[in-house]
J.: 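First, the structure itself, so that you have it in front of you.
These values consider heavy atoms only, across backbone and side chains, with no hydrogens, waters or symmetry-generated copies. As the structure is a computational prediction, the values presented were derived from the model and not from experiment.
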Amino acid sequence: MLKKIIMAMSIVGAVSCGGGAAFDPSVTPDAGDKVQRVEPLSWWVGMKTPLQIMVNGDGISAFNVKMEGGSGVKVKEIHKGDSPNYVFIDVAIAPDAVAGDYWLVFSDGKETFKYPYRIDRRTAGSAERGSFTTADMIYLIMPDRFANGDSSNDSTPDTAEKADRSAFFGRHGGDIQGIIDHLDYIADLGATAIWNTPLLLDNEPDGSYHGYACADYYHIDPRFGSNALYKDFVDKAHGKGLKVIMDIVTNHCGTAHWWMKDLPFKDWIHVFPEYTGTNVCFSTNMDPNASKYDLNLQESGWFVPSMPDMNLDNPFTLKYFQQWAVWWIEYSGLDGFRVDTYPYNEKEPMSRWCEAVLNEYPHFNIVGECWTSSIPQLAYWQGGNENKDGFDSHLPSIMDFPLQEAIWKAVPTDSHGWGEGMTKVYDCLSHDFVYHDLSKMLIFPGNHDTDRIGDVLRHNPDRHKIVMTLMATMRGIPQIFYGDEMMFVSKDRSQGHGGLRVDFPGGWAGDALDFFSAEGRATAAVNTDGKPVPQGQIADLHDFTRKLFQWRKGKEVIHSGKTMHFLSRDNTYGYFRYNDTDAVFVYINNSRGKKHIPWSHYAEIADGLHDGRNVITGELVTVSDSTVVGPRQVLVVEYKR
């Protein structure tokens, strides 16, 4: 049934040629079982990305192919796969080609059949679309655990895993409609962009809720919704002032992907005599002493047994993923990509992948998950970095894992030891000279693959406010994980990731708690682990976070200003974000006792500042050496220069 649905979606709209030649009514539009898959599903006039259509069908490589209908569209070249059931068709589309419905015409001299293919007009201004920047706050959502807006699709006949909300590593029923239903909440929080973990079909028999083992690159998982609903979600998000970032995986697919039963080429994926996992040794990419053996294992070994490793050195595989990325941007109106497991890919092909996307959309932002504690190794992956080996990834943005680790070590401790406490954050930022572009760094306290920041801080609300203050005022692009605004904690940390990916209370019909509503937050007396919290604490944390990020939206000095920070050894941290006209002063007292702000130490930037206003309270404030900040408290003051 799923195959029939996909086929129908490809055929819908194949009625006329938009003013071109009419279809031959003597030929049945449905190619029956001769054609199983056609990808990309459609294309557009005016694209820079060349179109190469992959067709899958029994014995399809025995047929010649041409295009009929309209004008300005023709087959340039045909490539056969190693499997006789694949053909790759290079299609030339003239700049003045007629947009509309075309036919792929297959013939072997004895038999002829046709398959519809749509060539559309591009939306005006599509190529010049903007993307996410330092002016944004990104809200990371795991859709299966956020909100269930349509219970009818919790389980479907054509997908393997069924919904079971009690299963830590199972599907709970959250979906795209659930996100749409709560766009107002997200926008009100001060977020300006949404990053969802993958929504494409993941048809593994278990653990499919996270979406990282793709089974179909061109269709939304029906348990989340449909392609049309995803496009509608993007449109509605834009209507609320929210950008949408798609989480994509080029490194691996899932073992349930349809092509795993019959690969187009023998080297479409990396194949070993027996299962071989990656050595996760990212340093082999830039280490001048690294062996080719170790490098091969790093980029060719499988991530886990259920995730076959794609071979991007195969030019057809690389081309597939390049135009797949472009297709989703153009089809749904996306504002950015987050690329999973970026350094696991072959680095040169991925550099060309980034180039292809940016060639089509010059202002598009792509952030790569380069999970390393090494600052020089992280900097290596950012496009434009002057690497000694001459490599340029062309990857615009990177995730700042070293800063995330520094915050984890700095904020939960009372230590005044040398190099301990908030000094760790200072030391981390002192390495900013290594990075090519500080404005293209994603900063975050945690995500779907790490412990929740509420767990790391041992449920301490004051220290949680410190972390949210850092996120709202430091350089880079801030991202918070759904529920971090209220210090969500894991349900059961002993069970790993499944426990930290808690359901958002109120996202399911019949929930006893509703943290989406102001009343529910104000009256809540337990957290997401079911343990008691003081009534009003959830609301207080939410409102504090909302205040900061709503304020941040209009503060250009935070988006593009410079940073000046000052060293201390008493678990405090003072820094300024500044430009020619404005300054923001941030003081964090992470110690157990009250602290006097050493304002005179900051004279080189503090002198001349005026019209100070406390960002949290809105009150006018004058800061001096006599100003006291309480234990585990913050002070954020905006000034004119």
Side-chain angles (χ1 to χ4, degrees), residues 133-134 281-288 342-343 347 367-393 395-413 415-447 450 453 456 466-467 469-479 557-579 584 586-588 590 601-602 604-605:
T133 69
T134 53
C281 189
F282 301 155
S283 64
T284 56
N285 287 282
M286 68 285 292
D287 178 5
Y342 191 90
K347 69 179 186 181
V367 60
E369 181 199 30
C370 306
W371 196 335
T372 176
S373 302
S374 167
I375 291 174
Q377 288 188 27
L378 176 60
Y380 179 89
W381 292 109
Q382 189 175 38
N385 199 55
E386 294 184 359
N387 295 318
K388 289 186 69 175
D389 62 2
F391 172 70
D392 189 338
S393 71
L395 173 69
S397 297
I398 47 180
M399 296 175 67
D400 196 345
F401 281 96
L403 178 59
Q404 174 250 328
E405 292 177 11
I407 290 171
W408 276 26
K409 293 175 181 177
V411 180
T413 182
S415 175
H416 289 189
W418 191 266
E420 296 296 315
M422 295 305 296
T423 303
K424 288 192 175 296
V425 178
Y426 178 98
D427 287 344
C428 185
L429 264 66
S430 74
H431 290 82
D432 276 358
F433 70 94
V434 175
Y435 297 115
H436 168 66
D437 188 349
L438 292 172
S439 72
K440 296 289 181 68
M441 299 184 67
L442 190 73
I443 64 172
F444 56 101
N447 60 35
T450 71
I453 189 62
V456 173
I466 289 174
V467 171
T469 300
L470 291 170
M471 289 298 104
T473 58
M474 298 182 83
R475 89 295 188 265
I477 307 167
Q479 166 254 299
V557 66
I558 298 294
H559 307 161
S560 61
K562 298 178 181 179
T563 300
M564 184 182 294
H565 61 175
F566 294 83
L567 180 66
S568 69
R569 301 292 185 185
D570 59 356
N571 210 2
T572 65
Y573 186 37
Y575 59 94
F576 292 79
R577 301 296 311 283
Y578 66 98
N579 57 24
V584 173
V586 182
Y587 187 80
I588 293 171
N590 192 37
H601 294 183
Y602 310 151
E604 63 190 279
I605 187 171

J.: For the residue pair S415 and G417, what are the closest heavy atoms and their distance?
T.: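 In this case the closest contact between S415 and G417 is OG-N, 3.0 Å.
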J.: With sequence neighbours excluded, what pairs up with P402 under the side chain to side chain contact (heavy atoms under 4.5 Å, CB included) test?
T.: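 Checked P402 against side chain to side chain contact (heavy atoms under 4.5 Å, CB included); matches are I375, L378, D400, C428, Y435.
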J.: Please walk me through it: do M474 and L403 pass side chain to side chain contact (heavy atoms under 4.5 Å, CB included)?
T.: CA-CA 11 Å; M474 298 182 83; L403 178 59; 4.0 Å; yes
J.: Should the ring pair Y426 and H565 be called parallel, tilted or perpendicular, given that the plane angle runs from 0 to 90° and is split at 30 and 60?
T.: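 Y426 and H565: parallel rings.
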J.: Ignoring hydrogens and angles, state whether a donor on the side chain of R577 or T563 is under 3.5 Å from an acceptor on the partner side chain.
T.: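 T563 and R577 do have a side-chain donor-acceptor pair below 3.5 Å.
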J.: With a 4.5 Å limit on heavy-atom distance, are the side chains of Y573 and L567 in contact?
T.: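 Y573 vs L567: side chains apart.
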J.: Rounded to the nearest 0.5 Å, what's the gap from CG on D437 to CD on Q382? Could you check?
T.: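 Answer rounded to 0.5 Å: 5.5 Å.
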J.: Let me see the working for Y575 and T473 under side-chain hydrogen bond (donor to acceptor under 3.5 Å, both in side chains), right down to the final yes or no.
T.: CA-CA 10 Å; Y575 59 94; T473 58; 2.5 Å; yes
J.: I want to check something: taking the side chain as every heavy atom from C-beta on, are I443 and Q404 in contact at a cut-off of under 4.5 Å?
T.: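 Counting from C-beta outward, I443 and Q404 never come under 4.5 Å.
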J.: Measure the spacing between CE of M441 and OG of S397 and express it to the nearest 0.5 Å.
T.: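 Answer for the CE-OG pair, M441 versus S397, is 9.5 Å.
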J.: To the nearest 0.5 Å, how far apart are CZ in R569 and CH2 in W418?
T.: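 The CZ atom of R569 sits 3.5 Å away from the CH2 atom of W418.
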J.: Show, in sequence, the C-alpha distance, side-chain angles and deciding distance for N387 and D389, and conclude whether the side-chain hydrogen bond (donor to acceptor under 3.5 Å, both in side chains) test is met.
T.: CA-CA 5 Å; N387 295 318; D389 62 2; 4.7 Å; no
J.: Taking the side chain as everything from C-beta on, heavy atoms only, tell me whether Q377 gets closer than 4.5 Å to N285.
T.: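 The answer is no; the side chains never approach within 4.5 Å.
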J.: With side chain to side chain contact (heavy atoms under 4.5 Å, CB included) as the test, would you mind laying out the steps for N447 and M399 before giving the verdict?
T.: CA-CA 11 Å; N447 60 35; M399 296 175 67; 3.7 Å; yes
J.: Quick check: do S568 and M422 have side-chain heavy atoms less than 4.5 Å from each other?
T.: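 Contact flag for S568/M422 side chains = no.
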J.: Any non-hydrogen side-chain atom of V367 less than 4.5 Å from a side-chain atom of Q479?
T.: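 Of all side-chain heavy-atom pairs linking Q479 with V367, none is under 4.5 Å.
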J.: What are the two closest non-hydrogen atoms of P343 and F282, and how far apart are they?
T.: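 Scanning both residues completely, I find the closest heavy atoms to be CB-CD2, 3.9 Å.
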J.: In Å, rounded to the nearest 0.5 Å, how long is the span from OG1 of T134 to CD1 of I558?
T.: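 The OG1 atom of T134 sits 10.0 Å away from the CD1 atom of I558.
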J.: Taking N571 for its side chain and T423 for its backbone only, find out whether a donor-acceptor pair lies under 3.5 Å.
T.: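 It does not hold such a pair.
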J.: Heavy-atom distance under 4.5 Å between the side chains of M471 and I407, does that happen here?
T.: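 Side-chain contact under 4.5 Å: yes.
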J.: For E604, what residues pass the side chain to side chain contact (heavy atoms under 4.5 Å, CB included) criterion, not counting sequence neighbours?
T.: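 Side chain to side chain contact (heavy atoms under 4.5 Å, CB included) list for E604, sorted by chain: M564, F566.
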J.: Kindly write out the residues that satisfy ring pair (Phe, Tyr, Trp, His ring centres under 6.0 Å) with F401, not counting sequence neighbours, or none if the list is empty.
T.: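 Ring pair (Phe, Tyr, Trp, His ring centres under 6.0 Å) check on F401 returns W371, F444.
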J.: Within the 4.5 Å heavy-atom criterion, are N590 and T572 side-chain neighbours or not?
T.: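 Not touching, per the 4.5 Å side-chain cut-off.
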J.: With no hydrogens and no angle check, just 3.5 Å: does a side-chain donor-acceptor pair link K347 and Y342?
T.: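 Checked: K347/Y342 side chains show no N/O donor-acceptor pair below 3.5 Å.
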J.: Find the distance between CD1 (I398) and CG (N385) and round it off to the nearest 0.5 Å.
T.: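 It is 8.0 Å, given to the nearest 0.5 Å.
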J.: Distance check, rounded to the nearest 0.5 Å: M286 atom CE versus K388 atom NZ?
T.: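 One gets 13.5 Å once the value is rounded to the nearest 0.5 Å.
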J.: For the residue pair I477 and S439, establish whether any side-chain heavy-atom pair is separated by less than 4.5 Å.
T.: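 SC-SC contact between I477 and S439 ruled out.
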